[in-house]
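Written below as structure tokens is the structure these notes are about.
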Amino acid sequence: MTGTTETGFLAVDSGGSGLRVVVGAGGRGPLARGASEEPVRTGARGIDPGHLMEQLVPMARALCTEARIERLDTAVVGAAGMASLGDALRAELPGALARELGVRRVALAADAVTAYVGALGPRPGAVIAAGTGLITIGTDLTGWRRADGWGHLLGDCGGGAWIGRAGLEAAMRAHDGRAGGSARLLASAEDMFGPAAGLPGRLYPRTDRPAVLASFAPRVGACASDGDPVAAEILRAAARHMADSAAAVCPAAGEPVIGLTGGLFKMGAGLLAPLDEELARRLPRARRVMAEGDPLHGAVRIADDLTTGTFTLPGDEKMLCVTSPSGGGVTHAADTRT
């Protein structure tokens, strides 16, 4: 990188679809982008730091060359599962990034935090992140609160898998002739999956059941738009769950902002209209906005703020941990209440 002396940052979004990586410079934003479609492995130790580094290091070096960045001073890694599966990352990643890339300061964040910052930036409020699953996170800038995000068996209420499962249940009720069924959802389920009687055998052995269930959520939305009352009530119930979770994490003071992020909201008015009504009922002082950006945008924002000295977010042992050049924390850990 002859003739290049600029110091830069690395921002990473690690999720179920792989890695997305940005190299940039403080005050200048992203300068080069890369991606890998291979998700980072998880095992007995949680998220595998070795596998993450195997993918990240060559990509980061190539992006530094492209961006004419000589040295990476700061790295921000946002990862799905960081809060519950990130112990090995927190123990090993700062040292590994220092050895391989010369990084002096590392922020490790749950993807809910990077989703929050991508949606709202560093201001008080709450964010509903809804895709296959669902989690809400809020902050008053002194600590973080989260609600749900417990997976499709224990929670994720109102998320894509939840909506899809409720729609398939209504389809099976119609197949049986039980109350609460929907002939339209039954026809849509059989169009998508085949005869209803064979659905358990096709669904239960799958290891990707949440994704399969979530794949039916757009069909529920389409049936609701076509006037099916059962499908419409499923979306109304999903909106109630979302509002319940938002109310659990939203700051009580002032007029908070609630951001929406995630692919589920592409469903449009069939979901957004009842959600606005439920939020107005539960949180009458809050103002709902769509996300400014996605989790990678949030990781870039955190990296830029750390680089330029404008970082104001509260630290947290599980949700957002920042190490200084000397290895000490540069933010105070606050309790995450669940």
Side-chain angles (χ1 to χ4, degrees), residues 13 78 80 83 109-150 155-163 214 217 221 224 234-302 305 312-314 316 319-320 334-338:
D13 175 47
D111 61 340
V113 170
T114 52
Y116 182 100
V117 179
L120 296 183
R123 54 176 167 164
V127 165
I128 304 171
T132 296
L134 186 137
I135 187 171
T136 60
I137 186 168
T139 183
D140 58 2
L141 299 185
T142 65
W144 295 97
R145 293 180 66 96
R146 65 166 280 184
D148 213 337
W150 305 123
D156 285 0
C157 298
W162 187 96
I163 291 172
I234 289 171
L235 297 189
R236 168 71 64 178
R240 284 195 294 268
H241 283 304
M242 292 180 185
D244 287 343
S245 291
V249 303
C250 196
E255 298 180 354
V257 176
I258 298 177
L260 308 184
T261 187
L264 191 64
F265 294 114
K266 295 177 182 178
M267 195 173 289
L271 179 60
L272 293 175
L275 178 57
D276 282 341
E277 293 173 8
E278 294 296 332
L279 288 173
R281 184 176 64 84
R282 294 298 308 273
L283 296 163
R285 296 192 309 275
R287 177 170 58 92
R288 193 267 285 177
V289 299
M290 295 304 295
E292 297 174 2
D294 64 9
L296 181 59
H297 177 84
V300 169
R301 177 66 182 266
I302 293 171
D305 287 352
T312 58
L313 294 170
D316 182 278
M319 302 292 285
L320 178 59
D335 292 335
T336 302
R337 300 176 291 278
T338 60

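For this chain, numbers begin at 1 and follow the sequence in order.
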Look up atom [atom1] in [X] and atom [atom2] in [Y], then write down how far apart they are to the nearest 0.5 Å.
{"X": "L271", "Y": "L275", "atom1": "CG", "atom2": "CG", "value": "6.0 Å"}
{"X": "M290", "Y": "L260", "atom1": "CE", "atom2": "CG", "value": "5.0 Å"}
{"X": "L272", "Y": "M242", "atom1": "CG", "atom2": "CE", "value": "8.5 Å"}
{"X": "I258", "Y": "R285", "atom1": "CD1", "atom2": "CZ", "value": "11.0 Å"}

Point to revise | Contacts of type ring-ring contact (aromatic ring centres under 6.0 Å, His included), residue H297, not counting sequence neighbours | key: none
Point to revise | Greater than 12 external heavy atoms within 6.0 Å of R281's CZ | key: yes
**Study point:** Verdict with supporting geometry, L313 and L141, side-chain contact (heavy atoms from CB on, under 4.5 Å)
**Key:** CA-CA 6 Å; L313 294 170; L141 299 185; 4.2 Å; yes
Exercise for review: Sort out for me which residue in I128, I135, T136, D156 forms a side-chain contact (heavy atoms from CB on, under 4.5 Å) with D148.
Suggested key: D156
Exercise for review: Test side-chain contact (heavy atoms from CB on, under 4.5 Å) on Y116 and T139 and set out the steps.
Suggested key: CA-CA 9 Å; Y116 182 100; T139 183; 3.4 Å; yes
Indicate the atoms forming the closest heavy-atom contact of [X] with [Y], along with that distance.
{"X": "L279", "Y": "A246", "answer": "CD2-CB, 4.1 Å"}
{"X": "P256", "Y": "G125", "answer": "CB-CA, 4.4 Å"}
{"X": "P274", "Y": "A269", "answer": "CD-O, 3.7 Å"}
{"X": "G158", "Y": "I163", "answer": "O-CD1, 3.7 Å"}
{"X": "A217", "Y": "G160", "answer": "CB-O, 3.6 Å"}
{"X": "A119", "Y": "V127", "answer": "CB-CG2, 3.8 Å"}

Review point. Any side-chain heavy atom of R301 sitting closer than 4.5 Å to one from P122?
Key: yes
Point to revise | Close side-chain approach of L134 to W162, heavy-atom, < 4.5 Å | key: no
Check your understanding: What residues, two or more places apart in sequence or in another chain, satisfy salt bridge (Lys or Arg N to Asp or Glu O under 4.0 Å) together with R236?
Key -> E277, E278
Exercise for review: Verify side-chain contact (heavy atoms from CB on, under 4.5 Å) between D305 and I302, making sure each step is shown before the conclusion.
Suggested key: CA-CA 5 Å; D305 287 352; I302 293 171; 5.8 Å; no
Exercise for review: Return yes if some donor-acceptor pair links the side-chain N/O of R145 with the main-chain N/O of D140 below 3.5 Å, else return no.
Suggested key: no
Review point. Which salt bridge (charged side-chain N to carboxylate O under 4.0 Å, His left out) pairs, counting each pair once, include a residue from residues 117-139, with sequence neighbours left out?
Key: R123-E292
**Study point:** From CA spacing to verdict: side-chain contact (heavy atoms from CB on, under 4.5 Å), D13, D294
**Key:** CA-CA 10 Å; D13 175 47; D294 64 9; over 6 Å; no
